[in-house]
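Note: hydrogens, waters and symmetry copies are ignored here, and every other heavy atom, side chains too, is used. Convention: sequence-line order gives letters A, B, ...; per-chain numbering from 1.
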2 protein chains.
Amino acid sequence: MRISEAAARSGLKVDTIRYYEAEGLVPNVVRGLDGQRRFSPENVDWLTLLYWLRETGMPMKVMQRFAALYAQGDGTIPDRKEILLDHSRLLAKRRDDLDRCDEILSRKLEIYEEYLR
Amino acid sequence: MRISEAAARSGLKVDTIRYYEAEGLVPNVVRGLDGQRRFSPENVDWLTLLYWLRETGMPMKVMQRFAALYAQGDGTIPDRKEILLDHSRLLAKRRDDLDRCDEILSRKLEIYEEYLR
DNA sequence: TTCTTGACCTGGAGTTACTCAAGGCCGGTA
DNA sequence: TACCGGCCTTGAGTAACTCCAGGTCAAGAA
């Protein structure tokens with residue numbers, strides 16, 4: 001499929017996909033005879049994964065490493081697993097941060113309520 | 001107190017505090033006779049709030065607006081309340097994102113496990 | 001008293017991760 | 001044939017820090 005559809009399906013913007021490809025984050029993107037990118041379903045799966053990793057705060061350097069491993073084939077699965085497990089721990093930390101912030105917000109809002117009475 | 005202590009207490013870095021002040025995010029910071037910033041406990045509370053707002057994804061423009069309202073006194077509390085409520089809704093969205101990503105990660109990890117057997 | 005150290009200051013450059021705009025190609029439709 | 005939409009590349013712009021150079025100043029050591 002074309003880049004606009006890949007964007008719609010993955011959640012990434014067209015510009016971001018091109019940028020990610022240039023930075024080596026998207027292996028195996030082929031071009032048609034017209035020079036345009038063609039995305040396979042596997043490409044789109046990969047982009048979708050990148051979308052969620054980014055959305056939850058994975059730095060590009062890590063994504064780059066992850067993509068390099070992905071490009072090297074199934075032998076790198078243990079390493080990739082390690083990266084995803086690390087990220088999963090980051091998610092837990094972020095959830096804690098959200099809880100902490102929620103707490104602070106509700107305390108602040110209570111104080112506001114008192115002023116408003 | 002001095003800037004390094006304000007940084008330690010709020011979670012922000014020294015550089016970030018100076019940057020935030022320059023951008024108008026930190027009202028009422030006074031200077032000593034030596035020209036150095038002195039932070040009151042109220043300043044530190046404010047910085048701590050900014051820390052958590054940033055940590056959970058509030059854009060600087062919003063923080064700027066929030067700070068401007070704060071600087072104008074208690075009359076702006078309804079507006080500030082609105083901003084914090086908006087942010088609270090953003091937190092809920094982020095929690096959903098984390099759940100969604102967790103799901104995707106565990107599916108991916110399952111697939112990896114299968115390869116590893 | 002002079003020297004050194006450490007914390008602070010400003011201004012400006014560098015970084016990350018996009019994001020947008022300019023200018024150009026190409027295939028399909030009116 | 002003329003236009004249009006979607007694609008292309010290159011390069012500039014933006015957000016939010018982050019770091020660095022070069023300088024001041026107060027306080028303790030020699």
For [N], does OP1 or OP2 lie under 4.0 Å from any side-chain N or O of [X]?
| X | N | answer |
| --- | --- | --- |
| Arg54(A) | dA17(C) | no |
| Arg18(A) | dC20(C) | no |
| Arg31(B) | dT10(C) | yes |
| Lys13(B) | dC17(D) | no |
| Tyr20(B) | dC17(D) | yes |
| Arg37(A) | dT9(D) | yes |

Pair [X] + [Y]: basic N to acidic O under 4.0 Å:
| X | Y | value |
| --- | --- | --- |
| Arg117(A) | Glu113(A) | no |
| Arg89(A) | Asp86(A) | yes |
| Asp97(A) | Arg94(A) | no |

Given DNA chain D, 5'-ward residue of the pair Arg2(A) and Thr16(B), judged by closest heavy atom: Arg2(A)

Measure from CD on Gln36(A) to C1' on dG24(C) and round the result to the nearest Å. 13 Å

Within the 4.0 Å heavy-atom criterion, would you say Asp34(B) contacts the bases, only the backbone, or no part of the nucleic acid?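 Nothing: the residue Asp34(B), judged by heavy atoms under 4.0 Å, touches no strand.
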
